[in-house]
Amino acid sequence: QVQLVESGGGSVQAGGSLRLSCTSSGLTYTRYCMGWFRQAPGKEREGVATIDSDSRITYTDSVKGRFTISQDNAKNGPYLQMNSLEPVDTAMYYCAARWGMCGGVYSLRSIEYNSWGQGTQVTVSS
């Protein structure tokens with residue numbers, strides 16, 4: 001059973017930076033897709049960035065040029081470097097994983113994933 005634990009959330013002012021980490025255990029898939037999703041109050045969960053075992057990466061348009069996803073081999077999960085944060089980035093951020101390659105923009109759909117962490121809160125003030 002895959003377990004995911006997020007860390008690194010917090011409160012920052014607009015323009016600031018945060019780095020989120022995801023530590024996984026039980027991930028035995030040879031090919032996998034992992035990613036970061038976020039959900040703001042009253043809104044649907046949306047895909048932020050994904051990365052697969054071949055290091056192919058997909059970002060949602062609103063974070064391109066500001067966020068960077070990469071694999072952290074020590075934690076066996078992806079980290080998300082978030083720069084130039086804006087109040088609209090305020091949300092609970094979740095790490096997710098599934099078997100198989102990501103497949104581009106389709107990997108940003110939350111329905112594709114069967115393993116989720118508990119989330120870490122990111123709050124950006126203006």
> Tell me whether R109 contacts the main-chain N or O of Y113 through its side chain, where contact means a donor paired with an acceptor under 3.5 Å.
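Not at all, since once roles are kept as given, no pair shorter than 3.5 Å links the two residues.
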> When hydrophobic residues are tied together by side-chain contacts of less than 4.5 Å, even through go-betweens, does V12 share a cluster with V122?
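Yes, V12 and V122 fall within the same hydrophobic cluster.
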> Closest heavy-atom contact between A91 and A40?
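For A91 versus A40, the nearest heavy atoms are CB-N, 3.8 Å.
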> Only one of I69, D52, L27 forms a side-chain contact (heavy atoms from CB on, under 4.5 Å) with M34, so which one is it?
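So the option named by the test is L27.
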> Starting from the C-alpha separation in whole Å, work towards a yes-or-no answer on ring-ring contact (aromatic ring centres under 6.0 Å, His included) for Y79 and W36.
CA-CA 9 Å; Y79 71 80; W36 287 95; 9.5 Å; no
> Could you tell me which non-hydrogen atom of P87 sits nearest to which non-hydrogen atom of S125, and how far apart they are?
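Taking P87 first and S125 second, the nearest heavy atoms are CG-C, 4.4 Å.
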> Check whether any side-chain N or O of D72 sits under 3.5 Å from a backbone N or O of A74 as a donor-acceptor pair, and report yes or no.
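Judged by distance alone, yes, a pair lies under 3.5 Å.
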> OG1/T50 to OH/Y59 distance, rounded to the nearest 0.5 angstrom?
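Reported to 0.5 Å precision, the distance equals 9.5 Å.
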> Return the CZ to CD1 distance between R56 and I51, rounded to the nearest 0.5 Å.
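Nearest 0.5 Å value for the CZ-CD1 distance: 11.0 Å.
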> Could you give the distance from CZ (R98) to OG (S115), rounded to the nearest 0.5 Å?
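So the gap between those two atoms works out to 11.0 Å.
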> Is it the case that one hydrophobic cluster holds both L108 and V63, taking links as side-chain heavy atoms less than 4.5 Å apart, direct or via other members?
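No; V63 is not reachable from L108 via cluster members.
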> Could you grab the distance from atom SG of C102 to atom CD1 of I57, nearest 0.5 Å is fine?
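That separation rounds to 9.5 Å.
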> Is there a side-chain contact between Y93 and Q39, using heavy atoms and a 4.5 Å cut-off?
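Contact flag for Y93/Q39 side chains = no.
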> Quick one: which residue pairs count as a disulfide bond (SG atoms under 2.5 Å apart) with a foot in residues 37-70, not counting sequence neighbours?
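Qualifying pairs, neighbours excluded: none.
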> Could I get the full list of side-chain contact (heavy atoms from CB on, under 4.5 Å) partners for S17, not counting sequence neighbours?
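Testing S17 for side-chain contact (heavy atoms from CB on, under 4.5 Å), a comparison that skips the adjacent residues, returns Q81, N83.
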> Please answer whether the main-chain N or O of V124 pairs with a side-chain N or O of T90 as donor and acceptor at a distance below 3.5 Å.
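Checking the backbone N and O of V124 against the side chain of T90, a donor-acceptor pair under 3.5 Å is found.
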> Between Y94 and R38, is there a cation-pi geometry (under 6.0 Å to ring centre, at most 45° from the normal)?
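No, R38 does not lie over the aromatic ring of Y94.
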> Can you confirm whether more than 12 heavy atoms, excluding those of Y106, are under 6.0 Å from its OH atom?
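Atom OH in Y106 is not packed in, count stays at 12 or less.
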> Determine, step by step, whether T68 and L80 satisfy the side-chain contact (heavy atoms from CB on, under 4.5 Å) criterion, reporting the C-alpha distance in whole Å, the side-chain angles of both residues, the deciding distance to 0.1 Å, and the verdict.
CA-CA 6 Å; T68 302; L80 185 70; over 6 Å; no
> Are the side chains of S70 and P78 in touch, meaning some heavy atoms are under 4.5 Å apart?
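No, every pair of side-chain atoms sits at 4.5 Å or beyond.
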> Could you state the interatomic distance from CG (L18) to CZ (F67), rounded to the nearest 0.5 Å?
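Atom-to-atom, L18:CG and F67:CZ are 9.0 Å apart.
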> Got a second to check how far C22's SG is from L4's CG, nearest 0.5 Å?
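Reported value, rounded in 0.5 Å steps: 4.5 Å.
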> Could you check whether atom CD of Q121 has more than 12 heavy atoms from other residues, nucleotides or ligands sitting under 6.0 Å from it?
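Above 12, so yes.
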> Show the nearest heavy-atom pair for residues G47 and F37, with the distance to one decimal.
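Answer, listing the atom of G47 first, then F37: CA-CD2, 3.3 Å.
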> Are any of the side-chain nitrogens in R66 or D89 under 4.0 Å away from the carboxylate oxygens of its partner?
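Yes, this pair counts.
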> I'd like to know if the side chain of S53 and the backbone of Y32 have a donor-acceptor N/O pair within less than 3.5 Å.
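Yes, S53 side chain to Y32 backbone: donor-acceptor pair under 3.5 Å.
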> As a quick check of understanding, evaluate side-chain contact (heavy atoms from CB on, under 4.5 Å) for S110 and W116, giving each step before the final call.
CA-CA 10 Å; S110 60; W116 292 88; 3.8 Å; yes
> Within the distance-only criterion (no hydrogens, no angle test), does the side chain of E6 pair as donor or acceptor with the backbone N or O of G119 below 3.5 angstrom?
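Checked: pair present.
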> Indicate yes or no: at least one non-hydrogen side-chain atom of N114 is less than 4.5 angstrom from one of V2.
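Result no, sub-4.5 Å side-chain heavy-atom pair not found.
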